[in-house]
Protein chains: 2
Amino acid sequence: MYANEFDATMQLIRGKWKIRILYQLNGNEHSRFNTLERNMKPITHKILAEQIQQMIDAGLVERHDFHEQPLHVEYNLTKKGQSLIPVVDVICDWGLANIDPSELKETLCD
Amino acid sequence: MYANEFDATMQLIRGKWKIRILYQLNGNEHSRFNTLERNMKPITHKILAEQIQQMIDAGLVERHDFHEQPLHVEYNLTKKGQSLIPVVDVICDWGLANIDPSELKETLCD
DNA sequence: CTGTATCCTGATAGATACTG
DNA sequence: CAGTATCTATCAGGATACAG
């Protein structure tokens with residue numbers, strides 16, 4: 001087993017928002033901050049900024065600043081970020097096959 | 001995307017110890033409590049008991065009490081628990097392929 | 001529009017000691 | 001041997017306000 005690789009990878013997808021951001025960016029290239037904020041509704045301004053920054057640090061997301069006024073910044077998945085999608089899909093699929101729908105909580109986003 | 005299935009599945013493998021227990025039980029059928037405790041060294045007595053209980057509740061592990069004196073209890077993965085192994089492997093494999101070894105922390109168990 | 005700083009709360013992990 | 005109870009430390013998530 002590779003517990004450390006597991007932990008390191010989990011670090012990247014763990015938490016309430018990371019995969020949701022991953023899927024958002026995967027579905028919508030050139031996403032802007034406030035668009036993301038709007039699309040992921042109950043997320044907090046601060047948390048979104050925090051999570052995105054962590055994903056940038058991890059090399060999953062790249063930030064493109066247009067240096068315009070008013071501020072214009074776009075986010076995209078890097079190759080590394082894209083390569084994570086199939087991994088997350090496997091997790092979702094297992095849940096889909098093995099988790100009783102009645103156990104699932106309220107839909108947060110879909 | 002299936003955020004809820006993802007969250008529900010993550011719930012089962014999240015945390016510092018759950019996959020390690022999963023791998024331990026996968027590699028050694030009929031594991032006993034103190035054997036697990038010894039094999040997973042820095043784990044705490046309380047934490048191990050807690051995590052196992054959660055995995056039993058989730059249907060991943062089954063407990064077999066031999067009703068002997070001194071106490072003799074064995075743990076095994078259920079089918080559901082076993083089916084989680086390939087999922088966890090995918091995560092480990094991605095880490096193996098994408099994470100710089102220098103970023104990895106000390107080996108906890110291997 | 002994009003980002004940072006403060007403060008608060010709940011969940012998780014761990015040290016330690018006790019019970020049948 | 002197997003399991004529970006207490007208390008404490010740490011961290012992720014969130015509410016809110018402020019700044020370039």
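Letters A, B, ... mirror the listed sequences (proteins, then strands); counts begin at 1. The figures here come from the full heavy-atom set of this structure, side chains too, leaving out hydrogens, waters and symmetry mates.
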At under 4.0 Å between heavy atoms, which parts of nucleotides 13-18 of chain D does protein reach? Answer with one letter per nucleotide, 5' to 3': B base, S sugar-phosphate only, - none.
BBBB--
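Rounded to whole Å, the distance from CG on A:Leu36 to C1' on C:dT2 is 12 Å. Protein atom NZ of B:Lys41 is 21 Å distant from nucleotide atom P of C:dA13, rounded to whole Å. Separating the CG atom of B:Leu48 from the C1' atom of C:dT12 is a distance of 15 Å, rounded to the nearest angstrom. Here D:dA2 presents its C1' atom at 10 Å from CD of B:Gln69, a figure rounded to the nearest Å. Counting to the nearest Å, the C1' atom of C:dT4 and the CD atom of A:Glu37 are 14 Å from each other. Per the geometry, CZ belonging to B:Phe33 stands 9 Å off P belonging to D:dT4, to the nearest Å.
In the model, A:Tyr23 has no side-chain atom that pairs as donor or acceptor with a side-chain atom of A:Asn28 under 3.5 Å. With no hydrogens or angles considered, a side-chain donor-acceptor pair links B:Gln53 and B:Asp57 at under 3.5 Å.
Where A:Leu71 and A:Gln53 meet DNA chain C, the nucleotide closest to each residue was compared, and A:Leu71 sits on the side nearer the 5' end.
Residue contacts for A:Phe66: at a heavy-atom cut-off of 4.0 Å it reaches no nucleic acid atom on any strand shown.
When the side-chain contact (heavy atoms from CB on, under 4.5 Å) test is applied to A:His30, the partners found at least two apart in sequence or on another chain are A:Glu74, A:Asn76.
Here ring pair (Phe, Tyr, Trp, His ring centres under 6.0 Å) pairs that include residues 32-57 of chain B, with residues two or more places apart or in two chains, are B:Phe33-B:His45.
Side-chain N or O atoms of B:Thr78 include one that pairs as donor or acceptor with a backbone N or O of B:Leu60 at under 3.5 Å.
B:Met55 contributes atom CE, which lies 12.5 Å from atom CD of B:Glu62 (distance to the nearest 0.5 angstrom).
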